[in-house]
Structures are given as C-alpha cells and as structure tokens.
Amino acid sequence: MELRQLRYFLAVAEERNLTRAAQALGIRPTSLSQQIIALERHLDTRLFVRTSAGMTPTPAGERLFDRARAVVAEARRAEESVRGGRPLRLAVTPGVSPEVVAMLWRAAGPHAPDIADMQTAEQVQGLRGGVLDAGLLLLPIDSPDLDYVTVADAELGVVAAVDHRLAGQDSVRWPDLEGSALLWFARASAPGYHDAVRDAWTRAGWRPAAVREGAPRRVLFEAELRHGGDVIGLRPAWDVPSGQGLVWLPFAESAPRIRHALAWNAGDFRAARFREWAADLACAPAPHMRPELPRGQRAAASAVLDTGRAASR
C-alpha cells in the first residue's frame with residue numbers, strides 16, 4: 001500500500017465524486033480510478049460503491065478513512081520535523097505549464113513551498129549545492145549525482161506568424177524550413193536539451209538561415225515571431241497561445257521532443273516523496289494538445305499568404 005494511494009483514497013472519500021476528486025488532486029479521472037482499483041485489489045475488498053450519483057464508501061472504506069487520514073497526516077508531520085519547519089525549495093523551468101506549478105503547490109501540502117523560476121542549468125547547480133530540494137527541468141542532463149523521473153514528453157512543432165509563408169499548411173517537413181531563421185534560446189540555459197534538438201535538425205539536413213537567441217520573456221518572443229520576418233520557433237503545441245497571431249504546425253515526420261523531469265539529489269531522504277510527486281505530475285491532465293485555430297482562422301492565414309503572393313507579382 002502506497003502513501004499516494006491513501007491520499008487518493010481520502011480525496012475520493014471526501015468528495016464522494018471521482019471527477020471532483022481528480023480535479024482537486026490535479027490528475028486524470030481515469031488515472032485516479034485505476035489507483036483506487038489497485039488499492040482495492042491490494043486490500044482484497046471494495047472500498048466504494050460506485051453509482052451514477054457518485055462514490056460512497058463501503059463499511060471497509062469507512063474503517064480505512066480515519067486510519068488513512070492519520071497515516072497521511074503523520075507522514076507530513078515527520079517530513080516537517082526533519083525540515084525544521086522550513087518550506088521546501090523548489091524550482092520550475094521557464095515555460096512549464098501553469099497546471100504543473102499548481103500541482104506542485106498541492107503536492108507540497110499545507111505549507112506553501114518556495115517555487116523559483118530557474119533555467120535547467122541553474123537548477124542543476126542549485127540541487128548539487130543544496131540550494132534546491134527538487135526541480136522541474138528539461139532533459140537530458142549530465143548529472144549522475146541527481147535522480148529524476150520523466151513527467152512529460154511531447155513533440156515539438158513549428159510556431160510561426162499567421163502570415164508566414166508556411167502558415168496555411170497542415171504540417172511541415174524539414175525541407176520546408178529552408179531559408180527560415182530560428183528563434184532559439186542560449187545554450188547555457190539548458191545545454192542538454194539545446195544540443196539534443198540541434199542534433200535532430202542537423203540529422204534531418206536542415207540548417208537555419210540564422211539562429212537568433214530570443215528574449216526570455218514570452219511577450220518579446222512572440223512579438224519577434226510576428227514581426228521578425230521569415231523566422232520560426234520550435235515549441236510544443238500547449239506552449240503556443242491561440243488567437244495571438246501565431247499558428248502551430250506539427251512535423252510530418254522526425255519531430256524532435258521536449259521532456260520535463262522532476263529531479264532531486266540521489267540519496268535524498270525524501271526520494272519516495274518526490275517519486276510520488278512525479279507520479280502525480282505524470283498523471284496530470286495534459287495541457288491542450290494542439291491549439292486549434294478558430295473556424296476560419298486557418299483560411300484567413302491562407303488568405304493573408306495569398307494576398308502577399310499576389311502583391312509580390
């Protein structure tokens with residue numbers, strides 16, 4: 001029996017509704033249901049009566065409730081006593097989805113953690129130096145002294161302005177990007193991720209017309225995409241806002257990937273706790289996958305493109 005399963009059980013018992021409990025925990029209802037079923041199998045008894053009205057604890061579930069609440073509370077008190085009451089020091093890499101940050105707040109329990117916005121390279125240094133307890137960073141990392149669990153894995157696609165020459169396409173291939181500049185980030189921020197994606201476009205035979213190190217602030221990054229000429233970015237679909245003059249295009253093949261992981265120092269006494277958090281993060285509902293353009297906006301992008309071509313004749 002895992003502490004995480006007891007925490008899930010308590011959420012369902014308190015909410016009496018699987019969907020509401022999943023929302024409170026920040027995970028998918030299907031993942032929560034699977035964990036409850038696994039707990040019931042482990043205990044060899046039903047814990048809830050499932051009806052269209054919700055989830056009602058069985059007599060066995062009622063007996064487990066008080067004991068589970070006491071175990072979870074004692075685990076939190078034990079952790080707090082070791083920490084001396086100081087909040088956990090966590091960090092997230094810039095660009096991570098708001099849903100993930102919210103989950104970290106919930107996972108840390110009643111005492112709000114210190115969550116800093118740090119690049120991956122800074123997080124690795126902070127973890128090694130004891131400045132951070134755990135961090136959500138970009139893989140890969142070359143740090144054998146750190147343990148980590150991958151919590152998110154997504155394809156990168158091309159993000160461009162709605163009037164970009166590729167905006168009317170449903171997907172892109174690497175040769176389509178010939179002549180385009182790439183708005184990218186400084187290698188020092190996340191060397192492993194930077195090199196992995198660069199290797200992907202090199203293997204595909206693409207060479208950017210130029211590599212521009214974009215501003216870290218999202219608003220400036222998006223402004224340069226909209227007004228910087230023939231320039232594109234590489235981002236996951238969920239990281240591209242809809243209705244902001246930008247389109248996201250998937251690769252038809254050979255798409256590079258972006259992977260986030262929760263990391264901590266190898267041998268940390270809270271490793272089990274961090275692995276529990278990682279499991280929660282991995283079960284979290286994915287941010288909206290591909291931002292669908294409003295009806296007609298794709299056509300409008302094509303119209304802008306056609307207008308530009310006509311004007312150039």
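This chain uses plain numbering: 1 for the first residue, then up along the sequence. Note that the coordinates shown come from a computational prediction; the quantities given were computed from them, not determined experimentally.
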Might you work through the side chain to side chain contact (heavy atoms under 4.5 Å, CB included) test for Val159 and Leu234, ending with a clear yes or no? CA-CA 6 Å; Val159 54; Leu234 296 174; over 6 Å; no
What distance do Leu64 atom CG and Leu39 atom CG have between them, rounded to the nearest 0.5 Å? 6.5 Å
Hydrophobic cluster membership, Tyr148 vs Leu281, 4.5 Å side-chain cutoff: no
Below 30° counts as parallel, above 60° as perpendicular, anything between as tilted: where do the rings of Trp201 and Trp184 land? perpendicular
All heavy atoms of Leu132 vs all of Ala91, minimum pair found to be CD1-CB, 3.7 Å
Can you measure from CG (Leu43) to CE (Met1) and round to the nearest 0.5 angstrom? 4.5 Å
For the side chain of Glu213 and the backbone of Phe185, is there at least one donor-acceptor N/O pair under 3.5 Å apart? no
Checking the side chain of Gln35 only, and the main-chain atoms of Tyr8 only, is there a donor and an acceptor separated by less than 3.5 Å? no
Measure from the side-chain N and O atoms of Trp248 to the backbone N and O of Arg235, and report whether any donor-acceptor pair falls under 3.5 Å. yes
Under 3.5 Å donor-acceptor, Trp174 side chain and Ser254 backbone: yes
OG1 on Thr19 to CG on Leu32, rounded to 0.5 Å: 9.0 Å
Does the side chain of Ser180 come under 3.5 Å of the side chain of Arg165 through a donor N or O and an acceptor N or O? yes
Is there a donor-acceptor pair closer than 3.5 Å between any side-chain N or O of Asp133 and the backbone N or O of Arg89? yes
Between Leu146 and Asn265, is there a side-chain heavy-atom distance shorter than 4.5 Å? yes
Considering residues at least two apart in sequence or located in another chain, which fulfil the salt bridge (charged side-chain N to carboxylate O under 4.0 Å, His left out) criterion with Arg275? none
Heavy-atom pair of closest approach, residues Ala266 and Asp147: CA-OD2, 3.5 Å
Residue set satisfying side-chain contact (heavy atoms from CB on, under 4.5 Å) with Ala181, at least two apart, ordered chain then number -> Ala210, Arg212, Val231
The criterion is side-chain contact (heavy atoms from CB on, under 4.5 Å); which residues satisfy it with Pro191, sequence neighbours excluded? Ala121, Arg187
Backbone N or O of Glu15 within a donor-acceptor pair of the Arg20 side chain at under 3.5 Å? yes
Mind checking side-chain contact (heavy atoms from CB on, under 4.5 Å) for Ala278 and listing every partner two or more places apart, or none if nothing turns up? Val149, Val151, Leu262
Between Arg226 and Gly245, which heavy-atom pair has the shortest distance, and what is it? CG-O, 4.0 Å
Test item: Leu177 and Leu166 side chains (from C-beta on) under 4.5 Å apart, heavy atoms: yes
Answer yes or no: is there a donor N or O on one side and an acceptor on the other, between the side chain of Asp239 and the main chain of Pro236, under 3.5 Å? no
With sequence neighbours excluded, tell me which residues meet side chain to side chain donor-acceptor pair (under 3.5 Å) with Glu14. none
List the residues meeting salt bridge (charged side-chain N to carboxylate O under 4.0 Å, His left out) with Arg69, not counting sequence neighbours, and say none if there are none. Asp66
Do Met55 and Leu10 sit in one hydrophobic cluster, given that two such residues count as connected whenever their side-chain heavy atoms are within less than 4.5 Å of each other, even indirectly? yes
So, Asn17 side chain and Val12 main chain: donor-acceptor pair closer than 3.5 Å or not? no
Examine Met118 and Val92 and state if one hydrophobic cluster contains both, with Ile, Leu, Val, Met, Phe, Trp and Tyr joined whenever side-chain heavy atoms are less than 4.5 Å apart. no
Taking everything shown except Arg50 itself, do over 12 heavy atoms lie less than 6.0 Å from its CZ? yes
Please round to the nearest 0.5 Å and tell me the distance separating atom CZ of Phe251 and atom CD of Glu155. 9.5 Å
Can you list every pair that meets ring pair (Phe, Tyr, Trp, His ring centres under 6.0 Å) and has a residue in residues 22-60, with sequence neighbours left out? Phe9-Phe48
Give a yes or no on whether Leu6 and Leu18 share a hydrophobic cluster (residues Ile, Leu, Val, Met, Phe, Trp, Tyr; joining criterion: side-chain heavy atoms under 4.5 Å apart). yes
Rounded at 0.5 Å granularity, tell me how far CG in Leu136 sits from OG1 in Thr120. 8.5 Å
On a heavy-atom basis, the closest approach of Leu138 and Ile141 is O-CG2, 3.5 Å
Are Leu88 and Val124 connected in the hydrophobic side-chain network, where two residues link if heavy atoms are under 4.5 Å apart? no
For the residue pair Ile258 and Pro256, establish whether any side-chain heavy-atom pair is separated by less than 4.5 Å. no
At their closest point, which heavy atom of Gly233 faces which heavy atom of Leu225, and how far apart are they? N-CD2, 3.7 Å
Kindly indicate whether the side chain of Val247, heavy atoms from C-beta on, has any atom under 4.5 Å from the side chain of Gln169. no
Side chain to side chain donor-acceptor pair (under 3.5 Å) partners of Tyr193, counting only residues at least two apart: none
Over all heavy atoms of both residues, which pair between Asp176 and Ser171 is shortest? Give the atoms and the distance, please. OD2-O, 4.5 Å
Among residues at least two apart in sequence or on other chains, which ones pass ring-ring contact (aromatic ring centres under 6.0 Å, His included) with Phe65? none
Would you say that His260 contacts Leu139 through its side chain, given a criterion of any heavy-atom pair below 4.5 Å between the two side chains? no
Non-neighbouring partners of Ser143 that pass side chain to side chain donor-acceptor pair (under 3.5 Å), sequence neighbours left out: Arg128
Looking only at atom types and distance, does a side-chain atom of Arg46 sit under 3.5 Å from a main-chain N or O of Pro57, one as donor and one as acceptor? no
Ignoring hydrogens and geometry, is there a side-chain-to-backbone donor-acceptor pair from Glu122 to Gln119 under 3.5 Å? yes
Between Arg7 and Asp280, is a salt bridge (Lys or Arg N to Asp or Glu O under 4.0 Å) present by the stated rule, with each step listed? CA-CA 11 Å; Arg7 191 159 55 83; Asp280 285 349; 2.4 Å; yes
Atom pair CG/CD of Leu47 and Glu40 - distance to nearest 0.5 Å: 4.5 Å
Within the supplied structure, the quantity of interest is the number of heavy atoms (other residues, nucleotides, ligands) at a distance under 6.0 Å from Asp44 CG; does it exceed 12? no
Would Leu246 and Val162 count as a side chain to side chain contact (heavy atoms under 4.5 Å, CB included) if you check the C-alpha gap in whole Å, the side-chain angles of each, and the deciding distance to 0.1 Å? CA-CA 5 Å; Leu246 301 174; Val162 293; 5.7 Å; no
Side chain to side chain donor-acceptor pair (under 3.5 Å) involving Arg198 - partner list, sequence neighbours excluded: Asp195
Sequence neighbours excluded, which residues qualify as salt bridge (charged side-chain N to carboxylate O under 4.0 Å, His left out) partners of Glu2? Arg4
